[in-house]
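As structure tokens, the structure follows; a few thoughts come after it.
The structure displayed is predicted, hence computed values, not measured ones. For the single chain, residues carry numbers from 1 onward in sequence order.
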Amino acid sequence: MLHHPVLAHACMDVDGVLCRDPRPDENDDGDAYGRFLEDVPMRLVPNVEVGRLVTARLERYRPSTEAWLALAGVRYCELVMYQGTAEERRSRRDHGLFKADVYAHSKALLFVESSLVQAVTIASAAGKPVFCTDESRMVYPGDASGVTALQDLRWSAAYRTERAARRLVHCVPGLHALLKRTTTRRP
């Protein structure tokens, strides 16, 4: 799918799709992050042009991101980056909503995203389908299976920590109330 001509009419995330996400020790908005942006190996290079790359990387990292994409041979029509500071991005935790806004206001037919949490947010907020690479599946607007998958993640061993559950619940508007109603009796 990631080599299909439909990508000319799609939005695609960068970190998590084209390369891995930065580790916490690399995500310092300083020297370590700069090295990550320059040196992270590509996970995948589409062999067709992508309509729009949409990333939560800050606008100030455009030159290094464009150089990295060019070196890897990634072709795209437009690169949309997050406006603002790292502190604003961290405090808002609106990566999915930022991407959804770009997608909703475009003529794109598809968004390619790695994170299931963000895929559900994007599909819901944009009203368009999202392909989640981590789950290898489509997420549709109003798709109850996306919420069910999020509930399953919440109860899985990897996501039982309070911090991970808090992040999950805050990523999708209204999810906290839904999870509280549907999971209070689950063992």
Problem set entry | Steps toward side chain to side chain contact (heavy atoms under 4.5 Å, CB included) verdict (Phe131, Met12) | CA-CA 9 Å; Phe131 181 75; Met12 179 184 288; over 6 Å; no

Exercise. Linking I/L/V/M/F/W/Y whenever their side-chain heavy atoms sit closer than 4.5 Å, directly or via other members, would Met81 and Val102 fall into one cluster?
Worked result: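 Yes; tracing contacts between hydrophobic side chains, which count when under 4.5 Å, links both residues.
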
Exercise. In terms of hydrophobic clusters joined by side-chain contacts under 4.5 Å, are Leu109 and Val139 together?
Worked result: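 Result: no, two separate clusters.
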
Problem set entry | Worked verdict on Leu18 versus Val45 for side chain to side chain contact (heavy atoms under 4.5 Å, CB included) | CA-CA 7 Å; Leu18 298 179; Val45 177; over 6 Å; no

Exercise. Please walk me through it: do Val80 and Thr55 pass side chain to side chain contact (heavy atoms under 4.5 Å, CB included)?
Worked result: CA-CA 6 Å; Val80 180; Thr55 180; over 6 Å; no

Which heavy atom of [X] sits nearest a heavy atom of [Y], and at what distance?
X      : Y      : result
His95  : Ala56  : CD2-CB, 3.2 Å
Tyr103 : Pro129 : OH-O, 2.6 Å
Cys132 : Ser115 : SG-C, 4.0 Å
Gly127 : Pro141 : C-CG, 3.3 Å
Gly51  : Cys77  : O-CB, 3.1 Å
Arg60  : Pro63  : O-CD, 3.8 Å

Exercise. How would you list, by chain and number, every residue that makes a side-chain hydrogen bond (donor to acceptor under 3.5 Å, both in side chains) with Asp25, sequence neighbours excluded?
Worked result: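 If we apply the side-chain hydrogen bond (donor to acceptor under 3.5 Å, both in side chains) test to Asp25, skipping adjacent residues, the hits are Arg23.
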
Under a 4.5 Å cut-off applied to non-hydrogen side-chain atoms, are [X] and [Y] in contact?
X      : Y      : result
Leu7   : Tyr76  : no
Glu26  : Arg20  : yes
Leu53  : Leu79  : yes
Lys128 : Leu110 : no
Val130 : Val112 : no
Cys11  : Ser106 : yes

Hey, does the side chain of [X] reach the backbone of [Y] with a donor-acceptor pair shorter than 3.5 angstrom?
X      : Y      : result
Arg52  : Ala10  : no
His3   : Asn47  : yes
Thr121 : Val117 : yes
Trp68  : Val40  : yes
Glu135 : Arg137 : no
Ser64  : Tyr61  : yes
Arg57  : Leu37  : no
Arg43  : Gly16  : yes

Exercise. So Asp21 and Asp15, side chain to side chain contact (heavy atoms under 4.5 Å, CB included) or not? Walk me through it.
Worked result: CA-CA 5 Å; Asp21 286 313; Asp15 297 328; 3.4 Å; yes

Exercise. With a 6.0 Å cut-off on ring centres, are Phe98 and Tyr82 close enough?
Worked result: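 When the ring centroids of Phe98 and Tyr82 are compared, they turn out to be within the sub-6.0 Å range.
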
Exercise. Looking at CG of Asp29 and CG of Leu58, how far apart are the two atoms once the value is rounded to the nearest 0.5 Å?
Worked result: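 The CG atom of Leu58 is 5.5 Å from CG of Asp29, to the nearest 0.5 Å.
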
Exercise. What is the distance from atom CG of Leu69 to atom SG of Cys19, rounded to the nearest 0.5 Å?
Worked result: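 Reported to 0.5 Å precision, the distance equals 8.5 Å.
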
Exercise. Would you call Asp13-Lys99 a salt bridge at under 4.0 Å N-O?
Worked result: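 Counted as a salt bridge, because a side-chain N and a carboxylate O are separated by less than 4.0 Å.
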
